[in-house]
Undergrad: 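Before I ask anything, here is the structure I am working with.
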Number of protein chains: 2
Amino acid sequence: MTGHITHASHLSGNSDRSPAVSIRDVARAAGVSHQTVSRVINDSPKVSRATREAVLAAIDQLGFRPNRAARALAGGPVQSVTVLGSNTSLYGFAAPLEGVEEASRDAGFGMGFRALESLNPADMRDAVERAIEPAGALIVIAFDQAGAMALECVPPEVPTVAMIQAPSSATLPGRPSVWIDEFAAAKEATEYLLGLGHATVHHLAIPSWSAATRRMEGWRAALEQAAVRPPNALQGGWTAQSGYEAGCKLAKDSRVTAVLAGNDEIALGVMRAMHEAGRRVPDDISVVGFDDVPYARFFSPALTTVRQDFKTLGKVAFHKLLELSHSGRTAPTLASPQAQLIIRESAGPPPRSGPRGRQAIATPLGTRPDTGPNSHDEGEENDR
Amino acid sequence: MTGHITHASHLSGNSDRSPAVSIRDVARAAGVSHQTVSRVINDSPKVSRATREAVLAAIDQLGFRPNRAARALAGGPVQSVTVLGSNTSLYGFAAPLEGVEEASRDAGFGMGFRALESLNPADMRDAVERAIEPAGALIVIAFDQAGAMALECVPPEVPTVAMIQAPSSATLPGRPSVWIDEFAAAKEATEYLLGLGHATVHHLAIPSWSAATRRMEGWRAALEQAAVRPPNALQGGWTAQSGYEAGCKLAKDSRVTAVLAGNDEIALGVMRAMHEAGRRVPDDISVVGFDDVPYARFFSPALTTVRQDFKTLGKVAFHKLLELSHSGRTAPTLASPQAQLIIRESAGPPPRSGPRGRQAIATPLGTRPDTGPNSHDEGEENDR
DNA sequence: GTGGGTGATGTGACCGGTCACCTCTCCTCC
DNA sequence: GGAGGAGAGGTGACCGGTCACATCACCCAC
């Protein structure tokens, strides 16, 4: 209530320590020993109801907050996590981060972040060590190779949860991990495209350091179920740029009428490439993305995509970590929020008489190409 | 070289402390006192050359790393920062974060992140306190109201650098802050649009809790210089959704032929709204964005926008913080990387005979509207 | 020759928690 | 009625750094 809180803050070692309220102050106020206060703030069962309440009252009155540094030093529960990932501006990395942050905040935990830049093993080991040191617990965004490599550098005794693309990949056995099961959604998306009449669906995959992604498996399963031989999946990058580059190649192949892109940025790049090549989306070619970034519905055409609940993924990862630290190390792996197909405008039936010939000359990025008129209205909004 | 490093890691207070190498181990190995080691790792001048080298050798050999917690506890230099901001998935917030992370990593600092969710003063105060506690130093992303409010809650003795929109706004005097001076670029963008022949340029602003943003001032300056009375700036949000909503209104006003949007997502929303209203970009209406998000060049039309070097902004903020902590509190405010107009496709001359009538009926988001053909090729790529 | 710098180093307390271990009380059971 | 436990609480050391202060050698000036 009163709670004047003073800060002992200084980057450099100045000497203006302010007398922050400590466990012993609380003890004095409550008429108990400092150890009893420690027991109370750690929910030890060995404190009587009356004493606990007295201590809690004192804590409240003095505005006491346990000091993270002291606690860490003394080997207590550290109460903070470091997230390790290679990127923060990609939505697929930023959104889970947001989820972890929210969950950690709710739990009174601190959250740190460390980026992975180099793939060099020594650097990687170093980055992991630096990440472990302040927090003692890790959440690794292991969607990409950097994250997967980092995961391998983490000593087994460090409480760690990995966010991964697929459970089958080279995750250490027993290492708790969370993922979004995109198999069903990828399958559904592919079936949706086949259902629109496409002879086949091409897949422009996000990078995968191990075998295949779940979304790739779902895509393949749908094709096989429809007795279509899956074309080779194209290995792409993470960015719109990579989608654009791949799209430029795909645009030249007139058999390509439907593309399932590895994420929404890639899908945007593909659409741009098609646009430049004079192939209209969705009239000539259908494009479906992955993620449902917040701005995907404002593309023209609005992107049909598979929504992923990344934020919840982050929250689940954090809670997994909590569970791991509470109940020993008895946490296996766990699937989390389902993905969901969001139908918008970027996919439609294939062109009537097979793919028609290119009608505009492919122009390099930066010149405004023509856009032909079009006139039908399938593709209902299925949003929200 | 050898450097076996052990981790004293546990979330819950288990007792498997591993004997991490401490300052006293190093002292023993080097045949000096622990205090001398402390002096060496803190670059104290009061150590002889020979001793310093012996200690450094021992440090290297044992793979010693100072313990952050112990250091913080003892009141030494904390060597970590917390970034406080309201969002991580918006590019304008994520990119500076990335810059801070990189700079902090290079300096051997830890980086934490805390999100601001509630605008409630009590919650805000609480969030700030929690952010200060573990690191002792703050970087506040104060582009939006939440950040600005947080800034006001920070006690003056806490080393803090603010990233702000404009220096004139309600920043506490003397509080070091960094910003990108967008005045010139906003002016240039507006002049560019006027130069294309537009009678006026409308501005759809990002939220600003204080008077005006620099970009708004630049926009106004260009108009005034051209003897055009600036129309009222529209207050928007941060997202594509908000741009879309505002765009729907703008589309109805036939005098609007050029829009300077507060950021690229807003610009996308505006373009979408125009598209639905049957107003072609750039033929009927020109749209210019702000930020140059990595995918902006893949929009159709590719977005003409003002590039901001957010990453460098983050780095500058961090270095400012370092400087602040080293050389007392003698850091005033400082302008940082210039913004730059990137010309792509989304802006062009206004329609010949004044804005032509709407040719398609405005349709709600989700129905695929027509796109008319178009045929000219201004708008050169000025990219990279 | 002695007092007083100054530069290099050592000593011990301390930061604010936790841990291991001890004490004291009260209850139960043989 | 005394051994044995369980429950509640206290005591002091300790984590790994830093700080304030003491020490010691050495040089210079009076």
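Nothing here was measured: the structure is a model prediction, and the numbers come from that model. Below, each value reflects all heavy atoms present in this structure, side chains not excepted, and no hydrogens, waters or symmetry copies. Just so we're on the same page: letters track the sequence lines, and every chain starts at 1.
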Undergrad: Whole-Å distance between C:dC14 P and B:Leu73 CG?
TA: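 Taking atom P of C:dC14 as the reference, CG of B:Leu73 is at 14 Å.
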
Undergrad: What pairs with B:Ala27 under side-chain contact (heavy atoms from CB on, under 4.5 Å), at least two apart in sequence or on another chain?
TA: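 Residues passing side-chain contact (heavy atoms from CB on, under 4.5 Å) with B:Ala27: B:Val32, B:His34, B:Val37.
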
Undergrad: Please list, chain by chain and in numerical order, all residues satisfying ring pair (Phe, Tyr, Trp, His ring centres under 6.0 Å) with B:Phe143, sequence neighbours excluded.
TA: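 B:Phe143 satisfies ring pair (Phe, Tyr, Trp, His ring centres under 6.0 Å) with B:Phe93 only.
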
Undergrad: So which pairs with a foot in residues 96-118 of chain B pass salt bridge (Lys or Arg N to Asp or Glu O under 4.0 Å), sequence neighbours left out?
TA: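 For residues 96-118 of chain B: A:Glu101-B:Arg114, A:Arg105-B:Glu117, A:Arg114-B:Glu101, A:Glu117-B:Arg105, B:Glu101-B:Arg105, B:Glu102-B:Lys311, B:Glu102-B:Lys315.
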
Undergrad: Tell me, please, which residues at least two apart from B:Asp123 pass side-chain hydrogen bond (donor to acceptor under 3.5 Å, both in side chains).
TA: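 For B:Asp123, the residues satisfying side-chain hydrogen bond (donor to acceptor under 3.5 Å, both in side chains) (neighbours in sequence not counted) are B:Ser118.
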
Undergrad: Take atom CZ of B:Arg65 and atom P of D:dG17, then tell me their distance rounded to the nearest Å.
TA: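 Result: 12 Å.
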
Undergrad: Does D:dT18 have its OP1 or OP2 closer than 4.0 Å to a side-chain nitrogen or oxygen of B:Asn42?
TA: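 The answer is yes; a side-chain N or O of B:Asn42 sits under 4.0 Å from OP1 or OP2.
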
Undergrad: Starting at atom CZ of B:Arg71, determine the distance to atom P of D:dC19, rounded to an integer number of angstrom.
TA: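 Value for this atom pair: 10 Å.
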
Undergrad: For residues 48-87 of chain A, which residue pairs qualify under ring-ring contact (aromatic ring centres under 6.0 Å, His included), counting only residues two or more places apart or in two chains?
TA: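 ring-ring contact (aromatic ring centres under 6.0 Å, His included) check on residues 48-87 of chain A returns no pairs.
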
Undergrad: Below 3.5 Å is the cut-off: list the nitrogen or oxygen pairs between protein and nucleotides 4-6 of chain D, distance only.
TA:
none

Undergrad: Can you list the residues that meet the side-chain contact (heavy atoms from CB on, under 4.5 Å) rule with A:Ala148, with sequence neighbours excluded?
TA: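 For A:Ala148, the residues satisfying side-chain contact (heavy atoms from CB on, under 4.5 Å) (neighbours in sequence not counted) are A:Trp209.
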
Undergrad: Starting at atom CD1 of A:Ile41, determine the distance to atom C1' of C:dG17, rounded to an integer number of angstrom.
TA: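 Result: 7 Å.
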
Undergrad: What one-letter contact string describes nucleotides 8-13 of chain C from 5' to 3', where B marks a base within less than 4.0 Å of any protein heavy atom, S marks contact via sugar-phosphate atoms alone, and - marks no contact?
TA: SBBBB-

Undergrad: Whole angstroms only, please: what is the CD1-C1' distance between A:Ile23 and C:dC19?
TA: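 Going from A:Ile23 (CD1) to C:dC19 (C1'), I get 12 Å.
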
Undergrad: Taking side-chain contact (heavy atoms from CB on, under 4.5 Å) as the definition, give me every residue that meets it alongside A:Met124, ordered by chain and number, with sequence neighbours left out.
TA: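 With sequence neighbours excluded, A:Met124 shows a side-chain contact (heavy atoms from CB on, under 4.5 Å) to A:Leu116, A:Leu119, A:Ala146, A:Met149, A:Ala150, A:Cys153, given in chain and number order.
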
Undergrad: Could you please spell out the steps behind the side chain to side chain contact (heavy atoms under 4.5 Å, CB included) verdict for B:Ser22 and B:Asn67?
TA: CA-CA 8 Å; B:Ser22 87; B:Asn67 178 317; over 6 Å; no

Undergrad: Donor-acceptor pairs under 3.5 Å, side chain of residues 68-76 of chain B to any protein atom, not counting sequence neighbours: which ones?
TA:
| residue | atom | partner | partner atom | Å |
| --- | --- | --- | --- | --- |
| B:Arg68 | NE | A:Glu133 | OE1 | 2.8 |
| B:Arg68 | NH1 | B:Gln79 | O | 2.8 |

Undergrad: For A:Arg28 and D:dG10, what is the distance between atoms CZ and C1' respectively, to the nearest whole Å?
TA: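 From A:Arg28 CZ to D:dG10 C1': 15 Å.
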
Undergrad: Over its full length, what angle do the end axes of the helix from C:dG1-D:dC30 to C:dC30-D:dG1 make, each axis taken from five pairs and the result rounded to 10 degrees?
TA: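 Axis-to-axis angle, ends of the helix: 60°.
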
Undergrad: Could I get the full list of side-chain contact (heavy atoms from CB on, under 4.5 Å) partners for A:Arg39, not counting sequence neighbours?
TA: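 With sequence neighbours excluded, A:Arg39 shows a side-chain contact (heavy atoms from CB on, under 4.5 Å) to A:Gln35, A:Thr36, A:Ser44, A:Val47, given in chain and number order.
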
Undergrad: Hey, are the side chains of A:Arg28 and A:Asp25 touching, using non-hydrogen atoms and a 4.5 Å cut-off?
TA: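 Counting from C-beta outward, A:Arg28 and A:Asp25 do come under 4.5 Å.
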
